[in-house]
Amino acid sequence: GQQVMQIPQYQHVQEGEDFTTYCNSSTTLSNIQWYKQRPGGHPVFLIQLVKSGEVKKQKRLTFQFGEAKKNSSLHITATQTTDVGTYFCAGRGPYGGSQGNLIFGKGTKLSVKP
Amino acid sequence: DTEVTQTPKHLVMGMTNKKSLKCEQHMGHRAMYWYKQKAKKPPELMFVYSYEKLSINESVPSRFSPECPNSSLLNLHLHALQPEDSALYLCASSNGLQGNPGANVLTFGAGSRLTVL
């Protein structure tokens, strides 16, 4: 079945350093979403990418969707302690029904040392 | 604050108990979901209701029984659970409108943390 691989599993950075997490799908995706889950919290939607090669920015966060719509990345510039949490990508397959449901990556847990 | 409200926040139950988790949203969303999340793992889909009809059951054991009384409410009835069912149970909703770009963007509730003794 469809899988979404996400790396790295953990990332420890010094405050001010950059951070990137990557997702790769075994199949072409219709779209990909990114969620952030703070420690002890629940996943919160960050962004959705739909178009091949799409790049979107939210302040210090840059999201990319690959040309083949099989990979995506989230890059954070100059991390802050408020960026701490687990970042999940979630890909949606090209078909409807259960095959079109969101498949979550395993997440990247980001810790930031002040 | 989240626009999806879940109760209770915490629940401890024995293996012979019957309990229910409740979820409510007033965003007019037509799709509602139950996810199970174990520590350090991603959310795992259990059930999807679309327009108040069960559309997806991801091979969940019958000791979990979902119910959608109306378009705003979603329940998860629990009976004869096992200790390995202890987890964070997340409810989510999406607008579910075909062709809408945000159709499957999930708004999660804060979750119900379940401990089965």
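Chain letters run A, B, ... following the sequence lines, proteins first, then strands; residues in each count from 1.
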Does [atom1] belonging to [X] count more than 12 external heavy atoms closer than 6.0 Å?
X	atom1	result
R30(B)	CZ	yes
M15(B)	CE	no
R63(B)	CZ	yes

Toward chain B, the part of Q37(A) with a non-hydrogen atom under 4.5 Å: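 Just its side chain gets close to chain B.
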
Checking L90(B) against chain A: side chain, backbone, both or neither under 4.5 Å from a heavy atom?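 The side chain, not the backbone.
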
Select one option (side chain, backbone, both, neither) describing which atoms of Q37(B) are under 4.5 Å from chain A's heavy atoms.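 Contact with chain A: side chain only.
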
Can you check whether L110(A) reaches V13(A) side chain to side chain, under 4.5 Å on heavy atoms?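 Answer yes - side chains close enough.
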
